[in-house]
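The structure appears right after this line, and notes come after that.
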Amino acid sequence: MKSRLRSHPMRQQSNQASLRQTVDRELIRMDSVSDRLPSSVIFALRSTLLNWYSQQGRDLPWRRSRDPYAIWVSEIMLQQTQVKTVIPYYDRWLTQFPTLQTLASADQQQVLKVWQGLGYYARARNLHRAAQEIVSQHNGIFPTDLQMAMSLPGIGRTTAGGILSAAFDQPTPILDGNVKRVLARLVALPVPTSKAIAPLWQLSEALLDPAHPRDFNQAWMDLGATICLPRNPLCDRCPWQPHCSAYNQGIQNQLPMTETRSPIPRKIIGVAVIWNDAGQILIDRRKPEGLLGGMWEFPGGKVEPGETIPDCIQREIQEELGIEIEVGDRLIVVDHTYSHFHVTLNVHHCQHISGEPQAIECDEIRWVELADLDSYPFPKANLQIIEALKKEKDG
DNA sequence: TAGACGTGGTC
DNA sequence: TGACCAAGTCT
């Protein structure tokens, strides 16, 4: 497996060694950082933040609820996803699955269809599985115990802490992207946050107001999302400005330190829209795990070096579905970016020639009418293909 | 442990 | 266009 970390072979050794020394030294300092925050400062931070929140806190749909299920749904949707994006999905979800029981008894295709477009589809699969687990093992009641909550699929320490504090006002700390960024600036963290996870958890725990855990955690995330922005933070409006180490040193725009990443690869893909004599289209459902697991798609695969697009499509369809096709006109080219690679989808109309399609490298295959495609969960890149098909039919 | 895992928005 | 970022978890 290739590392995506950028490497400098000539200097790697000494750089790594010196970085390691620096990190170790800073981690030792950070280990005691909560001790270096006097209780008077901690009290000041709590009260100024809660006061700010009472004036400037956001009015968000899930904050009007104390239903652990609704709050859980919001916490899962909000993973790596902004509030603005989540709100319409949250509303639709609770309309479709108003209770934990209705979610547990739904089928996965229905669940994925409601999640369609939100991304990170493992979140939906895990939410669904966890609901079934709660019904079968916890009498349908969301657990109030932190360890119990964290044992559910898709719920890590931050999500569990977020749910238990918001739903039950339990003093469970959180460490999401907002809290990490605010803390990195508050203490002028000299390493990327990923290198200081344990000390950051200690800080989150030390600062959490045991008298108002729900409001405190919510306030902290609001501060990160509306004031302590990733770029150009609005320090003039920040209730923590007097205590912020980064602000006092004028380095708030340099923190948190950036994580090193290498560029992401690009893949060229050939995709087939296969028609049969009845005018139906062949689609397949991806395996339940991994990228876009459980979602439907138009079949295809990666173009090999020196291979033409039509050759690729014909070969992939033979390998994956065991049928012969004739590759026809190009329908559309779709460029799409996933979290860790780019793809270019070269989509061609194809005609089924011979053979019964087999689900060799997928979970299921189906001949469907163009008008019925809307009822299946498709990933974003494939929706553009469907749009192109409809447009071609109408135009 | 760092890479896999989506999508939309900004610069 | 490409890089970076956003309420993380799992392996």
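By convention in this document, chain letters (A, B, ...) are assigned in the order of the sequence lines, proteins followed by strands, and residues within each chain are numbered from 1.
- Distance noted for atom P between B:dA2 and C:dA7: 22 Å (whole Å).
- One atom, CE of A:M77, and another, P of C:dT9, lie 16 Å apart when rounded to the nearest Å.
- A:L292 comes within 4.0 angstrom of the backbone, heavy atoms only, and of no base.
- Residue A:G177 is classed as a sugar-phosphate contact, given heavy-atom separations below 4.0 Å to backbone atoms only.
- Nucleic acid contact class of A:S74 (heavy atoms, under 4.0 Å, all strands): none.
- Among the protein residues, A:L152 comes within range of the sugar-phosphate backbone only, with heavy atoms under 4.0 Å from sugar or phosphate atoms but none that close to a base.
- B:dG6 and C:dA6 have their C1' atoms separated by 12 Å, with the value rounded to a whole Å.
- Checked against C:dA3, B:dG6, C:dA7, the side chain of A:Y120 finds its nearest nucleotide in B:dG6.
- Heavy atoms of A:V86 sit nowhere under 4.0 angstrom from any nucleic acid atom.
- Residue contacts for A:G117: at a heavy-atom cut-off of 4.0 Å it reaches the sugar-phosphate backbone alone, with no base atom in range.
- Taking the charged nitrogens against the carboxylate oxygens, A:K390 and A:E392 have no contact shorter than 4.0 Å, which rules out a salt bridge.
- A:R157 has its CZ atom 19 Å from the P atom of C:dA7, to the nearest Å.
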Evaluation steps, side chain to side chain contact (heavy atoms under 4.5 Å, CB included), between A:F298 and A:F378: CA-CA 9 Å; A:F298 297 95; A:F378 281 92; 4.2 Å; yes
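- For the pair A:R157 and A:W201, the cation sits on the ring face: its NZ or CZ lies under 6.0 Å from the ring centre, inside 45° of the axis.
- The side chain of A:R261 approaches C:dC5 more closely than any other nucleotide in the set B:dT7, C:dC5, C:dG8.
- The side chain of A:H340 places no N or O atom within less than 4.0 Å of a non-bridging phosphate oxygen (OP1 or OP2) of B:dA4.
- Counting to the nearest Å, the P atom of C:dA6 and the CG atom of A:L223 are 14 Å from each other.
- The distance between atom NE2 of A:H342 and atom P of B:dG6, rounded to the nearest whole Å, is 16 Å.
- Between A:H128 and A:W115, the distance from one ring center to the other does not fall under 6.0 angstrom.
- Geometrically, A:R92 engages A:Y89 in a cation-pi contact, judged by NZ or CZ lying under 6.0 Å from the ring centre and within 45° of the ring axis.
- Relative to the side chain of A:P230, the nucleotides C:dT9, C:dA6, C:dA7 differ in distance, and C:dA6 lies closest.
- To the nearest angstrom, C1' of B:dG6 lies 8 Å from CG of A:L291.
- Taking 4.0 Å as the cut-off between side-chain N and carboxylate O, A:D215 and A:R63 do not count as a salt-bridged pair.
- The phosphate of C:dG2 (OP1 or OP2) has a side-chain N or O of A:R266 nearer than 4.0 angstrom.
- In this structure, A:E259 places its CD atom 17 Å from P of C:dA3, rounding to the nearest Å.
- Remark: A:T81 is not in phosphate contact with B:dT7, judged by side-chain N or O atoms under 4.0 Å from OP1 or OP2.
- Atom pair A:N126:CG and C:dT9:P shows a separation of 11 Å (rounding to whole Å applied).
- Residue contacts shown for A:I155 are limited to sugar-phosphate atoms, with no base heavy atom under 4.0 Å away.
- Phosphate proximity of C:dA6 to A:R181: present, with a side-chain N or O under 4.0 Å from OP1 or OP2.
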Between the protein and nucleotides 9-11 of chain B, are there any N/O to N/O pairs under 3.5 Å, and if so, what are the atom names and distances?
none

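- A:W115 comes within contact range of no nucleotide atom at all, as no heavy-atom separation falls under 4.0 Å.
- OP1 and OP2 of B:dT7 both lie 4.0 Å or more from every side-chain N or O belonging to A:Y89.
- The CD atom of A:E289 sits 18 Å away from the P atom of C:dT9 (whole-angstrom rounding).
- Comparing A:W62 and A:G154 against DNA chain C, the residue whose closest nucleotide sits nearer the 5' end is A:W62.
- Nearest nucleotide to the A:L60 side chain, out of C:dC5, C:dA7, B:dG6: C:dA7.
- Closest to the side chain of A:K380, out of B:dT7, C:dA7, C:dT9, is B:dT7.
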Got a list of side-chain donor-acceptor pairs under 3.5 Å for residues 69-79 of chain A, not counting sequence neighbours?
{"unit_1": "A:Y69", "atom_1": "OH", "unit_2": "A:W93", "atom_2": "NE1", "d": "3.2"}
{"unit_1": "A:Y69", "atom_1": "OH", "unit_2": "A:F97", "atom_2": "O", "d": "2.7"}
{"unit_1": "A:S74", "atom_1": "OG", "unit_2": "A:I71", "atom_2": "O", "d": "2.7"}
{"unit_1": "A:Q79", "atom_1": "NE2", "unit_2": "A:G154", "atom_2": "O", "d": "3.4"}
{"unit_1": "A:Q79", "atom_1": "NE2", "unit_2": "A:T159", "atom_2": "OG1", "d": "3.0"}

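- A close approach under 4.0 Å does occur between a side-chain nitrogen or oxygen of A:Q80 and OP1 or OP2 of C:dG8.
- A donor-acceptor pair is defined here as one N or O able to donate and one able to accept, closer than 3.5 Å; such a pair exists between the side chain of A:N346 and the backbone of A:I269.
- Aromatic rings of A:H340 and A:Y338 (six-membered ring for Trp) have centroids beyond the 6.0 Å cut-off, not under it.
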